[in-house]
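Data block below; observations after.
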Amino acid sequence: MYIVFIGPPGAGKGTQAQKVTEYLGTAHLSTGDFLRSLKDDNTPLGEQARKYLDAGDLLPDSAVSGVVFKHLMMAECSQGCLLDGFPRTIAQAELLDEFLIKQRTPLDLVLKLKVDEQELLQRLNGRGRGDDGPNTVKKRLQVYARETRPLLEYYRKRNLLHSIDGHGTPDEVFIRIQQCIDASSPKSNIDESA
Ligand code: ADP
């Protein structure tokens with residue numbers, strides 16, 4: 001299955017993505033983890049990762065989609081992939097649609113993890129990742145609201161969006177996700193009207 005995970009910083013995408021990957025046995029790509037791993041590289045992408053991640057800003061759409069599509073073309077993704085952190089803008093979603101339609105492997109499911117803002121801030125404060133300083137967190141929440149939230153409507157219109165309550169323990173949240181995955185069978189044909 002090809003699944004997209006959407007949620008604000010701190011919603012638990014990384015934790016749940018891990019569990020979903022184990023459950024389905026498919027590949028997993030976290031663009032955030034991947035970009036963080038490039039931060040020490042002396043390459044143009046490494047330089048962009050340093051610049052944008054530390055500021056809490058999104059990298060240019062073309063840079064990130066290039067990385068993602070290269071990954072999706074690898075053999076390990078032939079049966080599907082869980083995308084965690086991509087797409088994050090409408091432009092990225094359109095590029096992904098184009099790519100997947102060409103591959104004849106349309107998206108099966110978009111999972112949105114919903115957590116209220118107070119809880120998000122609490123979780124982010126307790127996490128202490130390099131880009132979790134108070135100013136960067138604030139910026140990332142703003143960027144999410146401005147750039148990523150419009151994606152929900154984009155996918156709702158395509159009947160792909162499922163909203164999951166992200167409160168509770170990781171296992172409680174995962175049970176909700178599992179029910180949702182079990183209820184949606186993989187689409188074998190491209191829906192031309194989508
Ligand atoms: P979170 O969702 O917790 O904010 P991520 O680990 O998903 O964190 O992403 C961290 C950072 O990586 C983002 O703030 C951004 O700088 C960069 N990034 C990740 N995914 C993308 C993307 N799809 N487009 C542009 N930048 C991205």
Side-chain angles (χ1 to χ4, degrees), residues 2-21 27-41 43-73 77 81-100 107 110-152 154-155 163-164 166-167 170 173 177:
Y2 288 85
I3 303 179
V4 161
F5 244 127
I6 300 182
K13 295 188 301 287
T15 308
Q16 294 302 327
Q18 204 72 44
K19 289 178 177 290
V20 172
T21 306
H28 166 213
L29 176 63
S30 158
T31 48
D33 285 350
F34 182 75
L35 295 170
R36 268 187 293 279
S37 79
L38 298 182
K39 275 176 74 181
D40 293 328
D41 289 6
T43 59
L45 197 56
E47 198 177 307
Q48 280 185 322
R50 279 194 292 283
K51 177 173 153 201
Y52 289 98
L53 264 81
D54 291 343
D57 265 325
L58 298 182
L59 274 82
D61 293 327
S62 55
V64 182
S65 39
V67 166
V68 172
F69 300 156
K70 217 159 130 186
H71 189 85
L72 286 177
M73 281 189 285
C77 293
C81 185
L82 176 65
L83 290 171
D84 158 12
F86 182 92
R88 254 177 153 96
T89 65
I90 295 275
Q92 290 179 12
E94 288 171 349
L95 288 168
L96 179 64
D97 273 350
E98 254 174 59
F99 177 88
L100 291 177
L107 267 185
V110 176
L111 295 170
K112 195 248 159 155
L113 276 178
K114 237 172 74 178
V115 174
D116 64 49
E117 186 152 335
Q118 215 184 346
E119 166 97 20
L120 285 181
L121 290 171
Q122 241 170 27
R123 289 186 187 179
L124 289 164
N125 280 336
R127 191 162 76 172
R129 205 172 68 194
D131 55 347
D132 280 346
N135 288 335
T136 316
V137 161
K138 202 169 144 211
K139 181 71 183 289
R140 278 165 42 221
L141 286 167
Q142 284 168 354
V143 169
Y144 175 80
R146 191 181 64 229
E147 304 285 345
T148 309
R149 203 171 280 146
L151 274 185
L152 302 177
Y154 179 90
Y155 286 125
S163 205
I164 307 281
H167 298 93
V173 176
I177 292 178

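Whatever order the structure lists them in is the order used to number ligands and atoms, beginning at 1.
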- Would a distance-only check, ignoring hydrogens and angles, find a side-chain to backbone donor-acceptor pair under 3.5 Å from T31 to G85? yes
- Task: Please report which non-hydrogen protein atom sits nearest to atom 11 (C) of ligand 1, along with the residue it belongs to and the distance in Å to one decimal place.
- Result: L53 CG, 3.8 Å
- So the atoms of ligand 1 within less than 4.0 Å of a heavy atom of P9 turn out to be 1 (P), 2 (O), 3 (O), 4 (O)
- Note on the structure: Numbered in order shown, the ligand 1 atoms found under 4.0 Å of a heavy atom of D131 are 10 (C)
- Item | Heavy atom of the protein closest to atom 24 (N) of ligand 1 (residue, atom name, distance) | Q92 NE2, 2.9 Å
- Per-atom filter on ligand 1: closer than 4.0 angstrom to a heavy atom of L58 are 25 (C), 26 (N)
- Decide if atom CG of D40 counts as having more than 12 heavy atoms of other residues, nucleotides or ligands within a radius under 6.0 Å. no
- Query: Which protein non-hydrogen atom lies closest to atom 25 (C) of ligand 1, naming both residue and atom, and how far is it?
  - Reply: L59 N, 3.2 Å
- Task: Give me the ring orientation class for F99 and F69: parallel if the planes are under 30° apart, tilted from 30 to 60°, perpendicular past 60°.
- Result: parallel
- Qualifying side chain to side chain donor-acceptor pair (under 3.5 Å) pairs, either residue in residues 44-60, two or more places apart: K39-D54, D57-K139
- Under 3.5 Å: donor-acceptor pair, side chain of T21, backbone of A17: yes
- Query: Regarding T89 and D61, is there a side-chain donor-to-acceptor distance under 3.5 Å anywhere?
  - Reply: yes
- Query: Does the H167 side chain pair with the main chain of D116, one donor and one acceptor, at a distance under 3.5 Å?
  - Reply: yes
- Item | Closest approach of any protein heavy atom to atom 16 (O) of ligand 1, naming residue and atom | D57 O, 2.6 Å
- Just go through R88, R140, K13, E147 and tell me whose heavy atom is the nearest to atom 5 (P) of ligand 1. R88
- Query: Are the side chain of Q16 and the backbone of V173 linked by a donor-acceptor contact shorter than 3.5 Å?
  - Reply: no
Output a table of donor-acceptor pairs, distance under 3.5 Å, between side-chain atoms of residues 142-152 and any protein atom two or more places apart or on a different chain; print 'none' if there are none.
| residue | atom | partner | partner atom | Å |
| --- | --- | --- | --- | --- |
| T148 | OG1 | R88 | O | 2.8 |

- Find all atoms of ligand 1 within a distance of less than 4.0 Å from any non-hydrogen atom belonging to R36, and give their numbers and elements. 6 (O), 10 (C)
- Query: Counting N and O atoms only, with roles assigned by atom type, does the side chain of D132 sit under 3.5 Å from a partner on the main chain of R129, one being a donor and the other an acceptor?
  - Reply: yes
- Using a heavy-atom cut-off of under 4.0 Å, does the side chain or the backbone of R123 touch ligand 1, or both, or neither? neither
- Task: May I ask which of L35, D33, V143 has a heavy atom nearer to atom 27 (C) of ligand 1 than the others do?
- Result: L35
- Query: At a 4.0 Å threshold, what atoms of ligand 1 neighbour a non-hydrogen atom of G85?
  - Reply: 20 (N), 21 (C), 22 (C), 23 (N)
- Note on the structure: protein heavy-atom neighbour closest to atom 20 (N) of ligand 1 works out as T31 OG1, 2.7 Å
- Message: Could you check whether any heavy atom of R127 sits closer than 4.0 Å to an atom of ligand 1, since that is the contact criterion I want to use?
- Response: yes
- Note on the structure: Nearest non-hydrogen protein atom to atom 8 (O) of ligand 1, with distance, is R129 NH2, 3.2 Å
